[in-house]
There are 2 protein chains.
Amino acid sequence: MSDLLERLRGRGWRMTSQRRVVAEVLAGDHVHLTADEVHGRAAQRLPEISRATVYNTLGELVSLGEVLEVSTDGRAKRYDPNAHQPHQHLVCSQCGTIRDVHPVGDPLDDLPAGERFGFTLAGAEVTYRGLCPACTQNPA
Amino acid sequence: MSDLLERLRGRGWRMTSQRRVVAEVLAGDHVHLTADEVHGRAAQRLPEISRATVYNTLGELVSLGEVLEVSTDGRAKRYDPNAHQPHQHLVCSQCGTIRDVHPVGDPLDDLPAGERFGFTLAGAEVTYRGLCPACTQNPA
DNA sequence: ATGGTTGCAAATTGTTTGCAACTTG
DNA sequence: CAAGTTGCAAACAATTTGCAACCAT
């Protein structure tokens, strides 16, 4: 969790107030926020933080492998602080919220040799789609 | 292949030259093109076609269920003409090539009830990642 | 002090929309 | 002929970038 801060410092990441706030926003909540939502929450604590800095910081966290970028179709990318544990995503088709889920079994087992076309497989991502409880009760 | 055109006409889709060209571009090649690439290829045959029309047409084909929208990267959406048969995607992490694959079993079966969080599930997409044969022999 | 970092605003990229002119059935 | 379509340009949304001021180390 907040050894995220430790880890970053340990990697020689220069710690500024804006970077700390961004990291804290991500670590503090297990939802998957858009860049703009991260900016909004960060700005509650540090009103002068700019969107550009949030974007830059998120981009760095992603390339450091500390945060995952989740691109749900079309809409804004969301950022997943849970990069250390393998998991899949359950996405609401209506409002776009994302939950982490842990399916049983390895998706790679479902791809027969004859369907691998000579690829060296590294992994698989599964996106489950449906309506969240709120949107199920209140469809578009 | 181009019973796509037939099907669309059968649905009462008003056939114009620009719509025909877009549908032909999609049906003619089994790669997954971006909207801009579709526009580029369509414009080779029909130079005056506008981007807006291509976007509108693609959007209609998607909502008619004749074409699938695939967001592979955070970048531009790609359009998959193979909507009539369920399939998943195998993406090369290095060069970005996409192949259609057909895994066995239903991914939904791998998500236990306790991991569904009250969602009404509609389906699942699987993206297999790895290196294609060419990139396996010639890694970055 | 010095080089990485920030903020601003403007540039980019991808996509949608308003509306008048134009086709298709 | 009527209603659906097109093209243009401008609006939009998400994200990136150039550059001068700034501040962790």
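Here the structure is a predicted model, which is why all the values come from computation and not from measurement.
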His89(B) and His32(B) aromatic ring geometry - parallel, tilted or perpendicular at 30°/60° bounds: perpendicular
Take the protein atom NZ of Lys77(B) and the nucleotide atom C1' of dA14(D), then report the distance between them rounded to whole Å. 12 Å
Could you state the CD-C1' distance from Gln18(B) to dG7(D), rounded to the nearest angstrom? 9 Å
Determine, step by step, whether Arg51(B) and Asp36(B) satisfy the side-chain contact (heavy atoms from CB on, under 4.5 Å) criterion, reporting the C-alpha distance in whole Å, the side-chain angles of both residues, the deciding distance to 0.1 Å, and the verdict. CA-CA 7 Å; Arg51(B) 258 175 257 277; Asp36(B) 210 56; 2.7 Å; yes
Measure NE2/His39(A) against P/dT16(D) and give the value in whole Å, please. 15 Å
Carboxylate-amine/guanidinium proximity below 4.0 Å for Glu115(A) and Arg99(B): no
Distances for protein N/O vs nucleotides 20-25 of chain C N/O pairs under 3.5 angstrom?
| residue | atom | partner | partner atom | Å |
| --- | --- | --- | --- | --- |
| dT24(C) | O2 | Arg14(B) | NH1 | 3.1 |

Quick check on the hydrophobic clustering: are Val67(A) and Val70(A) connected, directly or via other members, by side-chain heavy-atom contacts under 4.5 Å? no
Distance in angstrom units between Leu46(B) CG and dT5(D) P, rounded: 16 Å
Any side-chain to backbone donor/acceptor pair from Gln88(A) onto Val126(A)? Under 3.5 Å, distance only. yes
Arg78(A) has an atom CZ; how far is it from atom P of dA13(D), in whole Å? 16 Å
Looking only at heavy atoms, the pair that brings Pro86(B) and His102(B) closest together is O-CD2, 3.4 Å
In whole Å, I'd like the distance from the CZ atom of Arg20(A) to the C1' atom of dT5(C). 14 Å
Atom-pair distance (CG on Leu58(A); P on dT5(C)), nearest Å: 15 Å
For the CD atom on Gln137(B), are there more than 12 heavy atoms of other groups (residues, nucleotides or ligands in this structure) within a distance under 6.0 Å? no
Grab the CD-P distance between Glu48(A) and dC8(C) for me, whole Å please. 7 Å
In residues 49-57 of chain A, which ones come under 4.0 Å of DNA chain D, going by heavy atoms? Ala52(A), Tyr55(A), Asn56(A)
Under the side chain to side chain contact (heavy atoms under 4.5 Å, CB included) test, residues paired with Arg19(B) that sit two or more places apart: Trp13(B), Arg14(B), Met15(B), Thr16(B), Thr57(B), Glu60(B)
May I ask you to test the Gln18(A)-Glu48(A) pair for a side-chain heavy-atom distance under 4.5 Å? no
